[in-house]
Each structure stands twice: as structure tokens, then as C-alpha cells.
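Here the structure comes first, spelled out in C-alpha cells, and everything after it is commentary.
Computed from a predicted structure; not experimentally measured.
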Amino acid sequence: MWWPRCRLPAVRVVAARMSEAAGGDKRKEPEEEPGVGLQDNGQPPTKKPRSKKGKNGRAGERYVPPPGKKNLGISFSHQHFSETEYYFEHGLRKVLPYYFDFQTYCKGRWVGKTLRDVFSTEFRVEPIEYYTQAARAGRIRLNEQPADLNTVLKNNDFMRNTVHRHEPPVTAQPIVILSQNQELVVVDKPASIPVHPCGRFRHNTVIFILGKEYNLTELHTIHRLDRLTSGVLMFARTLEVSKKIDQQVRERQVQKEYVCRVEGEFPDGDVWCEEPILVVSYKVGVCRVHPAGKPCRTIFRRLSYNGRSSMVRCLPYTGRTHQIRVHLQYLGHPIINDPVYNTEAWGPHRAKGGKLDKTDEELLRDLVEVHRLRESLDLVGLPDGERSSAGEGGESPLRPPGNQAESPAGEEGESSLPLPGNRAENPAGKEGESSLRPPGNQAENPAGKGGGATGRPEVVKDDLCSECRLVRRDPAPGDLVMYLHALRYTGPDWEYSSPLPAWAAADWDQI
């Protein structure tokens, strides 16, 4: 499968990180389309060649059909929701592995190369023997025909790769609907669940859970929360409402309020931090205070102190990537369980005051090493193929990339609103939308509101899938929580708030 680099402010495409690892197509392409150039049923164009002659009239030359028209505005449907089932085990929501098609048209830099060349040079996580076996099994297809890896690629070649997809577990804590009307759906998002499909996550996302369990579809993402952040999350029911709130945010009419628990005794009174923030790596999802960064402002106020940690109220007035977390780190009071900004990779003082005695490359390398030793690379969103290369290695088309950083601005709901109509329902877009159900896995878990069952069902394994041969340690539910919570969103004529989490109590103390 192939992973071009596609980005919009609202959603990062499921496969975006693969493209960066492989050199990346620099063109910006729509990411909300469930198969650009596909028919309504998700299939590629079926126009048949009129003759066996090629474009230049040479008999026997391989025919490549022209790309079809773009199919805009298609959201996830019950066909997508029924791809697989949930089950619940040890306080975790899990997804049964399922078959999934990644699709793309040939990239410009691939023209003139063989499929074997492309897999050997750009997708190096799996050995070429795997791709040879996958091609023999009919899982790699070119213009909907079984692919020969020796085929030389041409412009407009349509490629499809079927993989056996595994998703990481998330908390079994339910998504609570705080408000629902004709304009908005507002929920209390549990920590550990991504807002929309990204990286290795698809069914274990807020969008899919709301669609599968509450029959809430056609939702427009108004803002986002990072996967490990909990709290108020808003969706618009119509494009008009999305545009209206977008305008309110642009005019600074919307106030965001967060709470967090930080290291040590935070200063009393209002603390302003206006240090500029620079993105060190969009791919890994790491930022730092730097003079070359973008200007931003956060106001903090201590709410309580238990002798070891402080409860802090946060008011972000701008929407930079990881703004709250980076500013707290700069002030010397990082969130106590922040898996990125409160690790030894930043040095003994955790980059307090912006002091960091290493290059950005060294920082990324050390962050990866810290999480590799802790066996917690999933927390920072690094796929297996990047565990020893600070996120600069290739990615395998066998597995969706592990990019948990949902977008460069996908943290704390601080990002700008998505462009009107750019819904989060379909980030797989051009590069992967059509899905296949796992053989023999049609209805293992009929129980429960969302088709989930308690306990481990029988999981059908795939002979070619390397994930099926791995034994991964389940995270403890506590490992999936970061002590940062979106408490309240307030607009000109509306306000939504969520209950405080247990760790926000004044007398709470970590064990």
C-alpha cells in the first residue's frame, strides 16, 4: 500500500506519515474523500480500454485508464461501521482485526520504476519476500488486476493493497453525551480515544464509536483534543453551524478552559506565558519554545496544591500545537504524566526556561529511546518501523502507521477550526477507504450496544500478517490517561462543560 502526504487543517490522513518516511509527495491533496476517482460504491473506475493499443498506438502496451472524477463530501456510513466488532477486556475497548484496502494513484516519483523497486526502496519495514507473497495472494493489485512486482509503473496507475489491520486498544470508559440538538453534539471524551481515524486507529475513535453505538453520523469536527486528553468535544450537525462557530473562533468569541495537574507547587496568582512555540517534528508530534516559533499566549492560575503537585487552570488564547503542555514545561511545571514533555529526554530540568543542550535531532532520538525502553512507543505515536530512527525510517504498508499525533495542531483543542465542510468522517480518503471484512469474522460479538462483547472472542489470524505473530503487552488503563482535561468551552450564546476527573480533586494524591 502507498502513503502519500496529504494534509488539511482539520484532519491528518490515515496514511500521511508513511509519505514523509518515504520522501513524501509534496503536493497538497484533499483528504476527506473516500477514494478520489472511485465510483459511488468505493470501487475504482471500471472503464475498459477500447483496444489493446496503448496511448501511442503501440500494440501490446499496457493500458492505464484515466483517473475518474473526484467524489466529494462522502462521510462514513454503516457499511464502514460494520467492518468489524468491538470487544471489552481488562478495562479496554478492543477491535477485532479486519481486512482493509489502502489505495492510491501512482506518485510522480514512482513513474518508470517497478513495483518491486518501490517496495524495496520506500517501504522497507517488511522484507521484499512479504510483498512477493502478498502479490501472489492477490492482495497487491494494479488497475484492479493482480499485480506483478516487475511491472513498470505509469502515470495514473491505480494501486490497491489489502492488509490485515490491527488497532491499538483504548479505554473501555464510555463516551458520555453532554448535549445533543439539531445543531450540535457535545460529548465528554475519555482519554486515550482519538477524535477521528488517524494512524493505526479507525474504529477505536470517537467518530466511529458515535456512529456505531449512537447512530450519530455526518458530524463536522469543530475542534480536536489530543488522544490522551479528555473533556469537552464538540461536533456540528450541519455545515452552516460549523461555519458559524468557525467565525466565532476567528473573532475570538470562544473561550477555552482546561485543567491539569503539574509537578510541584505552581506559583500563586495569574501566570502569563507568551513564549513562541516551534514545531520540532510534525511527524513525531513534538514542539518546543524557540524564538523562531509562532507567537502564542496562555494564562495559568493555581487552583490547589497537595504538597506534591498542583491543580492548574489553563486559558489558551491562541491555538498552537501542544501549547498548554509546552508552556507548562517552559515554566518548570510540566504535567506530571506527560509522556512527551516530562521525560528525561529533555534533560534533568525538563527544558525549564527553554534551555535544551542538544539538537532537535538528538532530542527526537532520545525521546524515541526513552519510550523504547519503557515499551511505550504507542503513547508518542511511533510505529514499529521507526523505533530506532527517531521517526525517520520507512513505514510498512502491511500496517497502518502509528501516528498518534492526529495533526500538527491536534492537541488540547487549540488548533484553528477546520475549513467548513471538511468533515472528520473520512480521513482515509484517496489512499484507503474500501474495506473487506475478515473471513470467518462476520458476527462473533453480537452482544452490547455497539456490537461489542465482554471477554476475548476467537480472533481469526492471517498467515501473511506480521502483527498476528506479535504478542503485544496491553497497556494498563492508567497508562492511557494524561492529566489534562478540557473543562469548558464558552461562546457568545452557549456554554458546555464536563465534570472534573478524579485526579482534579484538591485532596487527590498520586500513589
Side-chain angles (χ1 to χ4, degrees), residues 1 14-15 76-102 162-175 189-217 227-228 378-379 381 383-384 396 398-404 406 424-428 432-462 465-477 479-480:
M1 128 193 93
V14 163
F76 289 128
S77 67
H78 291 285
Q79 177 184 358
H80 303 115
F81 300 148
S82 64
E83 292 164 354
T84 185
E85 305 290 344
Y86 297 123
Y87 66 99
F88 300 89
E89 183 179 52
H90 307 312
L92 300 173
R93 176 191 291 266
K94 298 184 177 182
V95 174
L96 287 168
Y98 56 100
Y99 288 94
F100 185 83
D101 283 356
F102 287 96
T162 302
V163 301
H164 196 228
R165 186 163 183 167
H166 294 244
E167 296 193 23
V170 299
T171 179
Q173 182 181 346
I175 297 174
K189 183 187 93 67
S192 82
I193 306 179
V195 175
H196 46 67
C198 58
R200 297 176 64 197
F201 293 90
R202 180 171 168 88
H203 288 266
N204 266 346
T205 61
V206 175
I207 285 290
F208 264 65
I209 294 172
L210 290 178
K212 290 164 72 82
E213 299 189 2
Y214 297 91
N215 198 30
L216 292 171
T217 59
R227 182 169 65 93
L228 297 181
D378 280 342
L379 291 180
D384 295 338
S396 171
L398 177 66
R399 296 184 295 270
N403 180 13
Q404 312 312 332
E406 299 170 7
E425 293 89 334
N426 199 12
E433 180 56 33
S434 175
S435 302
L436 302 176
R437 205 174 177 85
N441 195 20
Q442 301 297 319
E444 289 95 335
N445 296 295
K449 184 175 182 180
T454 301
R456 180 184 293 275
E458 180 180 354
V459 177
V460 176
K461 293 190 175 182
D462 182 90
C465 178
S466 62
E467 279 286 332
C468 285
R469 298 190 293 271
L470 296 178
V471 178
R472 294 188 181 274
R473 177 180 62 88
D474 277 346
D479 296 336
L480 300 176

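Side-chain N or O atoms of Lys212 include one that pairs as donor or acceptor with a backbone N or O of Phe81 at under 3.5 Å. Judged purely by atom type and a 3.5 angstrom limit, Ser192 has no side-chain atom pairing as donor or acceptor with the backbone of Leu228. Distance alone, capped at 3.5 Å, places no donor-acceptor pair between the Asn204 side chain and the Phe201 backbone. Listed for the Tyr214 side chain is a donor-acceptor partner under 3.5 Å among the backbone atoms of Ile175. Tyr86 places a side-chain N or O within donor-acceptor distance of the main-chain N or O of His203, the cut-off being under 3.5 Å. Between the side chain of Thr205 and the main chain of Val195, no donor-acceptor pair closer than 3.5 Å is present.
Using a 4.5 Å cut-off on side-chain heavy atoms (C-beta onward), Pro97 and Val459 make contact. In this structure, Asp474 and Leu92 have side chains that are in contact, with non-hydrogen atoms separated by less than 4.5 Å. Val163 has its side chain within reach of Phe102: a pair of non-hydrogen atoms, C-beta onward, lies under 4.5 Å apart. Annotation: side chain of Ile193 is not in contact with side chain of Gln173 (no heavy-atom distance under 4.5 Å). The shortest side-chain heavy-atom distance between Asn215 and His78 falls under the 4.5 Å cut-off.
Note on Glu167 versus Arg200: no salt bridge recorded, every NZ/NE/NH1/NH2 to OD/OE distance being 4.0 Å or above. Using a 4.0 Å cut-off between charged nitrogen and carboxylate oxygen, Arg165 and Glu83 do not count as a salt-bridge pair.
In this structure, the separation between NE2 on His80 and OG on Ser77 is 4.5 Å, given to the nearest 0.5 Å. Here SG of Cys465 is found 8.0 Å from CG of Leu470. Values are rounded to the nearest 0.5 Å. How far CG of Leu96 is from OH of Tyr87: 6.0 Å, rounded to the nearest 0.5 Å.
Taking each heavy atom of Pro190 and Pro174 in turn, the nearest pair found is CG-O, 3.5 Å.
Close placement of the His166 and His164 rings is indicated, their centers lying within 6.0 Å of each other.
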